[in-house]
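Below, chain A is the first sequence line, B the second, and so on; all start at residue 1.
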Amino acid sequence: MKRTKIAELLTFEPQGQELLVKGWVRTFRNNQFLALNDGSTIKNLQVVVDFQRMDEAILKKLSTGACVSAKGTLVASPAKGQSAELKATELQLLGESDAEVFPLQPKKHSLEFLREIAHLRFRTNTFGAVFRVRHALAYAIHSFFHQRGFYYIHTPIITGSDAEGAGEMFQVTTLPLLQIPFNKENGQVNFQDDFFGKATNLTVSGQLEAELAALALGEVYTFGPTFRAENSNTSRHLAEFWMIEPEVAFNELDDNMDLAEDLLKYCIRFAMDHCADDLEFLQQRLVEEDKTKPQEERNAMPLLEKLRFVTDQPFARITYTEAVEILKNSNTNKKGKFKYPVEGWGIDLQSEHERYLVEKHFQKPVILTDYPAQIKAFYMRMNDDGKTVRAMDILFPGIGEIVGGSQREERLQHLQNRMKAMHIPEEELWWYLETRKFGTCPHSGFGLGFERLIMFVTGMGNVRDVIAFPRTPKNAEF
RNA sequence: UCCUCCUUAGCUCAGUUGGUUAGAGCACAUGACUGUUAAUCAUGGGGUCCCUGGUUCAAGCCCAGGAGGGGGAGCCA
């Protein structure tokens, strides 16, 4: 008999039909009631065991975590809690789970503890929900871009350039660490002897390569792993994370903002439409968690309401200059409540400033544009004022920067000037500069942090809990 | 990297002014139970008090150094 997934089974009208299910035991109550989960849904199937007729040796081993196969008939449940249940006629133990050492219990565990057993945390309700939502969001991203005629480009993970301008890089080498070949004349490493014959790194961004594709295919995006060797110890940073980077020919900054806003809203709606049960559970989890917190640290609104709030109204759009004015004139600033007082134009905005704009002043996502050139990357297009660049950052409540993007500098001379000013050697990026020599055009793009999007949608507070096997400084277990 | 808090049973945590044999709930084991919903009831076992060193008649508690973790900051997505 073919196995029926629990998600599908729960849509059936119970009429005594004979079915086969397989899954893992969550609890076994009253010597009769087996809560079985197979990952297809957050809901468990109640399998009812006739313990007088069942082999006692098997009953003994129906402990939390065990894997079983159950054949039986689907009947209406006489008790509250579920509408249908499977009356077992045959029970097979596929894999036992010694209850004395299995670490998961039918109770609430701390996320910190579950992080230490990341190989087993998939088996909890919370992580089951998070990873189903993660999948739905990944699918939504491809679906969104495909519908709009974008092409999915696979940019390299190992890169030969170390001037992508997005942070510290991990080196990739096969050179023996104890016997690195040095050039005696200049004391440098002889990368001619290395695997690629030159120094290579793990990518920090696929943007530059995506630009090459956009200037031929028109509308493209990348969606892949990205690596940053920054010593960042926060709940929002990973050394290995996934990023979505669209790049669009002929788009200017306003088009870029529209695209990013549409993408975010599409993904959030997609999750609400396809993961209702999981989001309902995650929302309830947050409500319970809030009960243990002081009033001022609690969420202003329940998860689903927060998501609807974001999808149903336009994001605020202001320039950096306007933002500085708002901050400068805010009561918080006047009363000296900012740790970094806002004194004038040109400062880099601190987390507390971004939070004030998003959570206090606008109370919705904010797109900040036209930053001072000196605090932004070399490839961003210079405005006519000669002081600001066409950058845009999208700030989300509780997350901070979720998107960072810009209209790119398409004019060769301007680009070369900026690279010179920021000490980026032209020979490293000769191939990038050629796009500006041969048929250059205005174009724009952005990077969306996939884990940050998942954090927002699931309400999880730490990036390490929305990726299966988080890589952070001093941690690459599993 | 900086600031700050934490580390006691498998988990979550209590442990008074430094003082006898370190506690609770859950989990686990054994038994009971044919409608349970993180089932319930009874009984029981379970401790490198993070590590190293020091102060003291005496350290889970005080001091120093280290390790691991949380929260915040910087950098960013």
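Spacing between rC61(B) and rG18(B) at atom C1', rounded to whole Å, works out to 7 Å. Nucleotides rU37(B) and rG72(B) place their C1' atoms 40 Å apart, quoted to the nearest Å. On the P atoms, rG46(B) is 13 Å away from rA24(B), given to the nearest whole Å. Taking atom P in both rA27(B) and rA42(B), one finds a spacing of 13 Å when rounded to whole Å. Comparing the C1' positions of rA67(B) and rC28(B) gives a spacing of 30 Å, expressed to the nearest Å. Spacing between rU4(B) and rG10(B) at atom P, rounded to whole Å, works out to 32 Å. With both ends at atom C1', the span from rA39(B) to rC26(B) equals 14 Å, rounded to whole Å. Of the C1' atoms belonging to rC62(B) and rA38(B), the separation is 41 Å, rounded to the nearest Å.
Residues Asp465(A) and Arg115(A) are paired through a salt bridge, judged by an N-O separation under 4.0 Å between the basic side chain and the carboxylate.
When heavy atoms are screened at a 4.0 angstrom cut-off, Glu100(A) is found touching the sugar-phosphate backbone but no base atom. Residue contacts shown for His237(A) include a base, since a base heavy atom lies under 4.0 Å away. Glu85(A) comes within contact range of at least one nucleobase, with a heavy-atom separation under 4.0 Å. Looking at heavy-atom distances under 4.0 Å, Leu238(A) makes contact with a base. Among the heavy atoms of the strands lying under 4.0 Å from Val403(A) are primed sugar atoms or P, OP1, OP2 only; no base atom is included. Counting any heavy atom pair closer than 4.0 Å across all strands shown, Lys60(A) reaches sugar-phosphate atoms only and no base atom. Asp348(A) comes within 4.0 angstrom of the backbone, heavy atoms only, and of no base. Residue Pro78(A) is in base contact, counting any heavy-atom pair closer than 4.0 Å across all strands shown. Among the atoms of the strands shown, none is found under 4.0 Å from any heavy atom of Phe396(A).
Judged by the 6.0 Å and 45° rule, Lys387(A) forms no cation-pi pair with Tyr371(A). Under the 6.0 Å distance and 45° angle rule, Lys265(A) does not count as a cation-pi partner of Phe270(A).
Here the side chain of Arg228(A) is nearest to one of rA77(B), rU12(B), rG35(B), namely rA77(B). Closest to the side chain of Gln350(A), out of rG70(B), rG74(B), rA38(B), is rG74(B). Side-chain proximity of Thr27(A) to rA38(B), rC75(B), rG69(B): nearest is rA38(B). Distances were taken from every side-chain heavy atom of Gln46(A) (C-beta onward) to each of rG35(B), rC26(B), rC76(B); the shortest belongs to rG35(B). Here rG35(B) is the nucleotide among rG70(B), rC76(B), rG35(B) with the atom lying nearest to any side-chain atom of Val48(A). Among the nucleotides rG35(B), rG70(B), rC28(B), the one closest to any side-chain atom of Ala99(A) is rC28(B). Of the candidates rG35(B), rG70(B), rC11(B), rG70(B) carries the atom nearest the Glu112(A) side chain, counting heavy atoms from C-beta on. Distance from the side chain of Thr234(A) is smallest for rC75(B) among the nucleotides rA39(B), rC11(B), rC75(B).
rU16(B) is unpaired under the criterion used here, namely a Watson-Crick or G-U wobble arrangement in which both key atom distances are under 3.5 Å. Across all strands shown, rC3(B) is found opposite rG71(B) as a Watson-Crick or G-U wobble partner, with both distances under 3.5 Å. Nucleotide rC26(B) forms a Watson-Crick or G-U wobble pair with rG10(B), both donor-acceptor distances falling under 3.5 Å. Using N1 to N3 plus N6-O4 or O6-N4 for Watson-Crick, or N1-O2 and O6-N3 for G-U wobble, each under 3.5 Å, rU40(B) pairs with rA32(B). In this structure, rA59(B) makes no Watson-Crick or G-U wobble pair, since no nucleotide meets both defining distances under 3.5 angstrom.
Classified by interplanar angle (parallel below 30°, tilted 30° to 60°, perpendicular above 60°), the ring pair Phe122(A)/Phe131(A) is tilted. A perpendicular orientation is assigned to the rings of Trp345(A) and Tyr320(A), their planes being inclined by more than 60° (bins at 30° and 60°). Between Tyr356(A) and His361(A), the ring planes lie tilted relative to each other; the angle falls in the 30° to 60° range.
Note: Tyr152(A) and His154(A) meet the aromatic proximity criterion, with ring centroids under 6.0 Å apart.
Of the side-chain N and O atoms in Arg236(A), one or more sit less than 4.0 angstrom from OP1 or OP2 of rA73(B). Side-chain N/O atoms of Arg355(A) include one lying less than 4.0 angstrom from OP1 or OP2 on rA73(B). Dashed line: the shortest gap from a side-chain N or O of Asn31(A) to OP1 or OP2 of rC33(B) is not under 4.0 Å. Side-chain N/O atoms of Asn462(A) include one lying less than 4.0 angstrom from OP1 or OP2 on rG71(B).
Going from atom CD of Glu401(A) over to atom C1' of rC76(B) covers 6 Å, rounded to whole Å.
Scanning atom types as modelled, no donor and acceptor separated by under 3.5 angstrom connect the side chain of Ser232(A) and the base of rC76(B). Side chain Glu352(A) to base rG72(B): no donor-acceptor pair is found below 3.5 Å. For a distance-only test at 3.5 Å, the side chain of Gln82(A) qualifies as a donor-acceptor partner of the base of rU36(B). Put simply, the side chain of Ser77(A) and the base of rG35(B) share a donor and an acceptor less than 3.5 Å apart. For Arg29(A) against rC33(B), a side-chain-to-base donor-acceptor contact under 3.5 Å is absent. In terms of polar N and O atoms assigned as donor or acceptor, the side chain of Asn30(A) never comes within less than 3.5 Å of the base of rU37(B) in a complementary pairing. Under 3.5 Å, the side chain of Glu116(A) and the base of rG69(B) form no donor-acceptor pair of N or O atoms.
Panel note: side chain Gln32(A), backbone Phe28(A); no donor-acceptor pair is recorded below 3.5 Å. The closest donor-acceptor contact from the side chain of Thr200(A) to the backbone of Val172(A) lies under 3.5 Å.
Heavy-atom distances to RNA chain B give each of Asp98(A) and Glu451(A) a nearest nucleotide, and the one nearer the 5′ end belongs to Asp98(A). Comparing Asn475(A) and Ser235(A) along RNA chain B, the residue whose closest nucleotide (by nearest heavy atom) sits nearer the 5' end is Asn475(A).
Per the stacking criterion (ring centres < 5.5 Å, plane angle < 30°), Phe241(A) stacks onto the base of rA77(B).
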